[in-house]
Amino acid sequence: MGFDEMDVDTIWLDGEFVDWEDAQVHVLTHGLHYGTGVFEGARCYDTENGPAMFRWEEHLDRLYQSGQPYDIEIPFDREELTDATVELIQRQDLDSCYIRPVAFYGYNELGLNPSNCPVQVAIAVWPWGAYLGEEALEEGVDVAVSSWRKYSSSQIPTNAKTTGPYVNSVLASLEAKDNGYTEAILLNKEGNVAEGPGENIFLVRDGEIYTTGLAESILDGITRQTVITLAEDLGYTVHDGATISRGELYTADELFFSGTAAEVTPIRTVDDTEIGAGTKGPVTDEIQSKFFEVIDRRTDEYEDWFHYV
Ligand code: PPE
């Protein structure tokens with residue numbers, strides 16, 4: 001569904017609330033030419049206690065940190081960004097939504113050195129349902145190992161969520177979709193498993209859980225951290241920072257993706273090979289159920305993960 005079909009009308013841009021159609025930048029914006037921006041994707045959930053932003057503090061931490069390698073100094077503090085987001089959600093009467101802050105080098109001059117360009121900041125919120133489809137959460141998705149490798153952290157920091165490098169994810173996603181798959185898995189430069197184009201990946205084998213770590217050139221997902229905590233609290237052994245070879249994907253008992261947009265999505269096939277029984281596995285099911293229980297606030301555990309609107 002396109003933005004114009006959604007019931008949203010306000011964007012926060014450089015400190016002001018502006019009408020949706022007025023949230024514009026110049027075509028000579030530095031970030032448009034060179035991808036010199038950093039962004040976040042967070043969610044606000046319609047919980048039993050009202051709308052609440054999930055792990056907002058961690059998303060803010062990552063936003064500011066993403067700017068570090070690029071000298072992007074966001075000219076607004078945490079409280080300003082938080083207040084702006086809360087007000088955007090309230091003004092537009094949203095119960096649940098996706099939250100997209102973006103900070104980028106703006107308009108002044110071109111050339112690779114961005115230091116004379118101002119840092120512009122925008123926040124938009126909109127309703128966004130299940131990323132890979134409602135059915136995906138139940139049935140699982142069919143994925144393919146991409147022919148595109150994930151860029152290495154020695155080339156571009158993968159722990160920074162930078163706009164430009166997402167062309168790597170776009171290529172992997174397009175290739176997967178063109179070939180009839182729902183999503184891709186990217187291998188890193190070494191040929192081991194990295195992550196999905198917009199998701200981290202978890203593998204279950206013999207009742208234990210494995211996930212790739214930062215040294216495998218991944219984004220350190222906040223949902224990934226959430227899943228690790230939930231799984232450990234459920235009593236599972238989690239091997240964070242595992243090296244997962246391509247071959248292990250096909251013989252895994254279970255595989256699933258994690259991400260703000262994708263939440264906890266089972267993977268039912270990789271390159272047409274069924275994973276486990278080719279459906280959502282029991283460990284994935286337990287973790288996914290716990291995740292939904294937490295975000296719906298059907299439990300009072302993990303209360304400090306929520307920022308009520
Ligand atoms: N890896 C990548 C490359 C990635 O983009 C995401 C988020 C993750 C892992 C998971 O991170 P986290 O959301 O903190 O658990 N992908 C975002 C972008 C989706 C989009 O299409 O845009 C997201 O899930 O919001």
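Computed from a predicted structure; not experimentally measured. Atoms within each ligand, like the ligands themselves, are counted from 1 in listed order.
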Looking only at the side chains, is there a donor atom on one of T211 and D240 sitting less than 3.5 Å from an acceptor on the other?
no
Side chains of Y236 and E286 only: does a donor on one sit below 3.5 Å from an acceptor on the other?
yes
Lys NZ or Arg CZ of R205 over Y210 ring: under 6.0 Å, within 45°:
yes
Geometric cation-pi criterion, R100 with F39: 6.0 Å, 45°:
no
Donor-acceptor pair, distance only, cut-off 3.5 Å: does the side chain of H59 make one with the backbone of G41?
yes
I'd like the atom pairs linking ligand 1 to the protein - N or O on both sides, separation under 3.5 Å - with distances to 0.1 Å.
residue: ligand 1; atom: 1 (N); partner: E195; partner atom: OE1; Å: 2.7
residue: ligand 1; atom: 5 (O); partner: K161; partner atom: NZ; Å: 3.4
residue: ligand 1; atom: 5 (O); partner: Y166; partner atom: OH; Å: 2.5
residue: ligand 1; atom: 13 (O); partner: T260; partner atom: N; Å: 2.9
residue: ligand 1; atom: 13 (O); partner: T260; partner atom: OG1; Å: 2.5
residue: ligand 1; atom: 14 (O); partner: R62; partner atom: NH1; Å: 2.8
residue: ligand 1; atom: 14 (O); partner: R62; partner atom: NH2; Å: 3.0
residue: ligand 1; atom: 14 (O); partner: I222; partner atom: N; Å: 2.7
residue: ligand 1; atom: 15 (O); partner: I222; partner atom: N; Å: 3.2
residue: ligand 1; atom: 15 (O); partner: T223; partner atom: N; Å: 2.8
residue: ligand 1; atom: 15 (O); partner: T223; partner atom: OG1; Å: 2.5
residue: ligand 1; atom: 16 (N); partner: G198; partner atom: O; Å: 3.2
residue: ligand 1; atom: 21 (O); partner: Y131; partner atom: OH; Å: 2.5
residue: ligand 1; atom: 22 (O); partner: R100; partner atom: NH2; Å: 3.1
residue: ligand 1; atom: 24 (O); partner: T260; partner atom: N; Å: 3.4
residue: ligand 1; atom: 24 (O); partner: A261; partner atom: N; Å: 2.8
residue: ligand 1; atom: 25 (O); partner: Y98; partner atom: OH; Å: 2.4

Return each pair, listed once, that meets salt bridge (Lys or Arg N to Asp or Glu O under 4.0 Å) where at least one residue sits in residues 56-69; pairs must be two or more places apart or across chains.
E40-R62, R55-E58, E57-R78, D61-R78
